[in-house]
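Quick note on labels: first sequence line is chain A, next is B, and so on, each numbered from 1.
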Protein chains: 2
Amino acid sequence: MSREPRREQLLNAADRVIQRDGPTASMNAIAAEAGITKPILYRHFGDRNGLISALTERHTSGLLAAIRAALAEPLERRDRVEHVLDTYLAGIEARPQVYRLLTHPEPGDPGGVGNALAPALRQIAEEITRAVQSQVDLGADRDLLAEAWGRGITGMVLAAGDWWLNSRPCSRTRMVQALADLLWGRLAAAADRPTPALPTPPVEPAD
Amino acid sequence: MSREPRREQLLNAADRVIQRDGPTASMNAIAAEAGITKPILYRHFGDRNGLISALTERHTSGLLAAIRAALAEPLERRDRVEHVLDTYLAGIEARPQVYRLLTHPEPGDPGGVGNALAPALRQIAEEITRAVQSQVDLGADRDLLAEAWGRGITGMVLAAGDWWLNSRPCSRTRMVQALADLLWGRLAAAADRPTPALPTPPVEPAD
DNA sequence: CGACGATGTTACCCGAGGTAACACCCCCGG
DNA sequence: CCGGGGGTGTTACCTCGGGTAACATCGTCG
């Protein structure tokens with residue numbers, strides 16, 4: 001029996017533990033769940049990072065493919081964007097624990113530290129960047145804007161989606177609308193609020 | 001001598017180490033930098049989280065206040081938004097290592113896990129939420145939109161700012177423009193790209 | 001049969017967070 | 001003068017998690 005099937009079994013075990021204990025599950029725990037001991041895990045995955053990467057890769061491939069497909073859908077742009085947003089939110093809604101993995105930046109990462117976006121998220125960001133670059137006419141600044149927006153949109157959806165998933169303030173559809181509205185410049189279009197009479201009052205905002 | 005001054009000195013030392021070694025600096029290292037040993041740190045801060053919190057609080061208060069001020073600036077809305085963006089980017093540009101702290105969600109956080117935004121960022125998000133709520137007329141959905149947007153904008157600026165800080169693709173001013181443009185609906189306004197002839201070609205995208 | 005490549009084991013190392021127990025120093029009140 | 005209490009600090013230890021070394025086993029292929 002080649003290595004591959006064993007790897008799958010180990011990943012399955014790791015998966016169950018992560019589902020149960022969250023992304024902080026120890027290697028010992030994972031090994032125990034698989035009915036074996038640590039060194040085997042290390043033989044297969046090198047280090048914890050390798051295991052986690054394999055695990056995330058496995059789970060993200062689906063979501064990533066779905067997003068890729070959504071980005072290529074032949075729709076009006078607004079509909080396409082909503083479709084992508086909905087795809088992402090549906091994905092994280094379906095498997096919250098997995099989602100935790102995606103967003104969990106590796107804690108100990110000396111040297112190459114500092115990416116606020118975990119690898120899986122970065123792939124999504126690149127996907128968006130590519131889509132914007134190829135589909136939207138942005139003039140000379142095309143490359144810069146596409147890349148900045150790719151990251152920005154990803155981060156936006158990450159943070160908003162996280163909040164939505166945790167506190168469930170509304171339906172998924174409404175959340176999609178809220179985010180699409182933001183991207184559609186509704187913040188710019190809305191009128192000023194009729195300031196109810198306060199030029200410079202000495203009240204400090206409630207903390 | 002009361003406890004407070006000592007605390008400050010210890011925080012200063014911790015600060016230097018974080019600047020030098022990043023947010024993964026060990027308690028031992030921090031103690032050594034302060035010329036003392038671990039237990040003292042624990043006496044003052046309880047645990048690592050306490051130290052980090054104290055440290056972030058200290059540094060964020062400035063940035064947070066600056067952002068609060070920027071949000072209250074009496075400008076055209078677009079200018080105000082740009083001002084806020086610039087304030088944030090300037091802040092993280094000035095002290096990159098500190099910024100790492102802000103964005104570093106506490107790794108071991110059993111139970112209440114899952115906030116993609118670190119506490120400091122969440123404060124910023126709340127600030128934005130409040131500003132939107134009080135300044136922009138969004139109709140019946142006001143509360144939902146403001147809250148979703150607060151998180152979303154914060155996440156967007158976090159991710160984009162992180163990328164900008166690491167790869168420095170352009171000046172700060174241009175980055176501010178790029179993000180403001182995104183928030184201003186330029187994604188919606190731009191024309192479709194003149195698809196250079198490809199209905200459904202069997203080429204797979206470069207990986 | 002022997003060797004190789006997989007399986008698995010126990011036992012250990014290291015570093016980091018965290019704590020216990022002890023010692024010093026100084027000031028303030030009886 | 002003396003005796004605390006509250007600050008300073010120490011050494012030595014515990015626990016737990018990532019990671020490794022060394023050893024044993026089983027099945028297959030030449």
Q) Between D:dG17 atom P and A:Ile52 atom CD1, what is the distance in whole Å? A) 14 Å
Q. Rounded to the nearest 0.5 Å, how far does NE2 of B:His59 lie from CD1 of B:Ile18?
A. 8.5 Å
Q.
On the six-membered ring of A:Trp164, is A:Arg168 placed so that its NZ or CZ lies under 6.0 angstrom from the centre and within 45° of the ring axis?
A. yes
Q | Sidechain N-carboxylate O distance under 4.0 Å for B:Arg78, B:Asp181 | A | yes
Q: Just report the end-to-end axis angle for the helix from C:dC1-D:dG30 to C:dG30-D:dC1, five pairs per end, to 10 degrees.
A: 30°
Q.
Can you measure A:Arg7 atom CZ to C:dT7 atom C1' for me and round it to whole angstrom units?
A. 17 Å
Q) When you check the gap from the basic side-chain N to the acidic O, do B:Glu33 and B:Arg16 get nearer than 4.0 Å? A) yes
(Q) Going by the rule salt bridge (Lys or Arg N to Asp or Glu O under 4.0 Å), which residues pair with A:Asp141 if we only count those two or more places apart in sequence or in a different chain? (A) B:Arg174
Q: In plain terms, say whether A:Glu126 and A:Arg122 are close enough for a salt bridge, that is, a side-chain N and a carboxylate O under 4.0 Å apart.
A: no
Q: With rounding to the nearest 0.5 Å, note down the distance linking CG in A:Asp15 to CZ in A:Arg95.
A: 9.0 Å
Q | N-O pairing of B:Asp137 and B:Arg142 below 4.0 Å | A | no
(Q) At under 4.0 Å between heavy atoms, how does the protein contact nucleotides 8-25 of chain C? Give one character per nucleotide, 5' to 3', with B, S or -. (A) BBB-----SBBBB-----
